[in-house]
Amino acid sequence: MVQRRALVVRGGWEGHRPVEATESFIPFLERSGYTVRVEGSPEIYADAAELAGTDLIVQCVTMSQITEEQAAGLAAAVAAGTGFTGWHGGIVDSFRACSDYLHLVGGQFATHPGVQPCERSGTEKDNFLPHSVTITDLGREHPITAGIADFDLVTEQYWVLHDDLIEVLATTTHPTQAWHPWHRPVTSPAIWTRNWGAGRIVVTTPGHSIDVLEHPSVRTVIERGMVWATRTASAS
């Protein structure tokens with residue numbers, strides 16, 4: 001088995017359990033032949049030599065801050081072939097003030113619609129909605145999502161702002177409700193890939209909590225995404 005190097009970068013808002021969430025995937029990486037380094041901030045992104053020797057970055061950093069140098073280092077590493085992946089707010093709600101980071105990832109969390117106002121209790125469950133994740137025609141053929149059927153979740157349903165450079169493997173649709181200001185259903189990408197220079201990016205928007213990460217379809221997509229995003233021989 002070819003030895004690969006994975007870098008896990010975690011931190012930011014504790015509500016997404018960055019340590020516990022990433023720890024749950026490290027055994028998979030190790031079984032798959034990766035040596036794993038863990039960092040608690042994006043400071044490592046400014047270390048060009050370290051990233052040049054890294055085949056895959058797994059990020060779980062919600063909100064938080066990134067410097068210009070760190071963002072540039074991450075983007076340069078991906079363009080040179082380092083894979084980049086993550087889930088939920090750890091990748092699409094990271095570093096909100098950095099437009100270069102948003103450009104790299106191709107999508108940004110905007111909101112997660114909640115239950116009707118009269119049912120809200122002031123807890124995170126106000127934002128948990130039953131919804132479906134629908135595999136696209138492209139997704140049915142892609143190695144990350146091939147063989148995975150559409151699946152249902154009761155958790156945060158991300159509404160994502162995105163560009164058309166992404167390859168959408170799965171979507172989710174936000175319906176209209178009497179208490180919402182939008183007037184027709186809105187479909188958001190739920191799982192996508194993005195080619196950036198010689199590098200590959202994979203984003204999976206489900207993953208708010210550990211139980212969602214343990215859902216068989218979600219976990220399969222994230223694990224396959226790690227392998228698919230990893231630096232290819234042609235990028236070495």
Side-chain angles (χ1 to χ4, degrees), residues 12-13 15-16 59-63 84-142 144-146 148-196 201-209 211-213 215 217-222 225:
W13 184 60
H16 283 154
Q59 180 182 280
C60 185
V61 183
T62 304
M63 296 180 277
F84 186 53
T85 191
W87 53 87
H88 202 62
I91 191 167
V92 291
D93 192 20
S94 310
F95 320 129
R96 295 175 180 177
C98 182
S99 60
D100 288 341
Y101 175 80
L102 305 184
H103 190 212
L104 172 69
V105 174
Q108 167 64 38
F109 162 78
T111 192
H112 37 55
V115 300
Q116 59 181 318
C118 65
E119 295 180 357
R120 295 177 188 176
S121 61
T123 69
E124 66 175 9
K125 291 187 176 180
D126 291 348
N127 300 315
F128 288 5
L129 295 177
H131 62 278
S132 297
V133 175
T134 304
I135 308 299
T136 64
D137 290 343
L138 175 63
R140 297 195 187 284
E141 303 298 325
H142 197 282
I144 293 175
T145 42
I148 295 178
D150 300 347
F151 57 94
D152 298 326
L153 297 171
V154 181
T155 185
E156 291 182 348
Q157 182 186 21
Y158 266 19
W159 181 316
V160 175
L161 307 180
H162 60 95
D163 65 33
D164 66 359
L165 191 63
I166 65 175
E167 302 293 336
V168 181
L169 306 186
T171 63
T172 189
T173 298
H174 306 272
T176 56
Q177 303 288 2
W179 61 92
H180 289 156
W182 55 93
H183 305 291
R184 60 180 174 83
V186 175
T187 298
S188 284
I191 302 165
W192 72 82
T193 67
R194 186 175 183 86
N195 291 324
W196 197 257
I201 299 168
V202 183
V203 174
T204 305
T205 63
H208 172 74
S209 51
D211 63 306
V212 177
L213 293 173
H215 184 284
S217 296
V218 174
R219 191 163 198 89
T220 296
V221 165
I222 293 172

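Not measured: the values here are computed from a predicted model.
If you take CD on Glu167 and CD1 on Ile191, they are separated by 14.0 Å, rounding to the nearest 0.5 Å. Separating the CG atom in Leu213 from the NE2 atom in His88 is a distance of 9.0 Å, to the nearest 0.5 Å. Taken to the nearest 0.5 Å, the CD atom of Glu124 stands 8.0 Å off from the OG1 atom of Thr155. Note: Leu161 CG to Leu102 CG = 9.5 Å, rounded to the nearest 0.5 Å. Atoms CG and CD, on Leu129 and Gln157 in that order, are 6.0 Å from each other to the nearest 0.5 Å. If you take CD1 on Ile201 and CG on Leu104, they are separated by 4.0 Å, rounding to the nearest 0.5 Å.
In terms of modelled atom types and a separation under 3.5 Å, the side chain of Thr136 and the main chain of Gly139 share a donor-acceptor contact. Using modelled atom types, no side-chain atom of Gln177 and backbone atom of Trp182 make a donor-acceptor pair closer than 3.5 Å. Using modelled atom types, one side-chain atom of His183 and one backbone atom of Pro181 make a donor-acceptor pair closer than 3.5 Å. Distance alone, capped at 3.5 Å, is enough to place a donor-acceptor pair between the Gln59 side chain and the Gly90 backbone.
A pairwise comparison of heavy atoms in Trp159 and Pro113 identifies CE3-CG, 4.2 Å as the closest pair. Across all non-hydrogen atoms, the minimal contact from Trp192 to Val168 is CB-CA, 4.1 Å. In this structure, Val61 and Gly12 approach most closely via the heavy-atom pair CG1-N, 4.0 Å. Residues Ile144 and Gly225 share a closest heavy-atom pair of CD1-CA, 3.9 Å. Minimum heavy-atom separation, His180 to Pro175: ND1-O, 4.0 Å. Shown here for Pro185 and Thr176, the closest heavy-atom pair between the two residues is N-CG2, 3.5 Å.
The salt bridge (Lys or Arg N to Asp or Glu O under 4.0 Å) search around Arg96 returns Asp93, not counting sequence neighbours. In terms of the side-chain hydrogen bond (donor to acceptor under 3.5 Å, both in side chains) criterion, residue partners of His112 (sequence neighbours excluded) are, by chain and number, Glu156. Take Gln116 and apply the side-chain hydrogen bond (donor to acceptor under 3.5 Å, both in side chains) test, not counting sequence neighbours, and it matches Glu119. Every residue meeting the side-chain hydrogen bond (donor to acceptor under 3.5 Å, both in side chains) condition with Thr62, not counting sequence neighbours, appears here in chain and number order: His16. Residues satisfying the side-chain hydrogen bond (donor to acceptor under 3.5 Å, both in side chains) test with Asp163, not counting sequence neighbours, are Arg194.
Using a 4.5 Å cut-off on side-chain heavy atoms (C-beta onward), Ser209 and Val212 make contact. Between Pro189 and Ile166, some side-chain heavy-atom pair lies under the 4.5 Å cut-off.
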Starting from the C-alpha separation in whole Å, work towards a yes-or-no answer on side-chain contact (heavy atoms from CB on, under 4.5 Å) for Tyr158 and Ser188.
-> CA-CA 8 Å; Tyr158 266 19; Ser188 284; over 6 Å; no
side-chain contact (heavy atoms from CB on, under 4.5 Å) between Trp87 and Val221, intermediate numbers included | CA-CA 10 Å; Trp87 53 87; Val221 165; over 6 Å; no
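Between His208 and Trp13, the ring planes are tilted. Angles from 30° to 60° get that label.
Every pair tested for salt bridge (charged side-chain N to carboxylate O under 4.0 Å, His left out) that includes a residue from residues 99-108 fails, sequence neighbours excluded, so the list is empty.
Taking the six-membered ring for Trp and the full ring otherwise, the centers of Trp196 and His103 sit less than 6.0 Å from each other.
No side-chain donor from either of Thr134 and Ser132 sits under 3.5 Å from a side-chain acceptor of the other.
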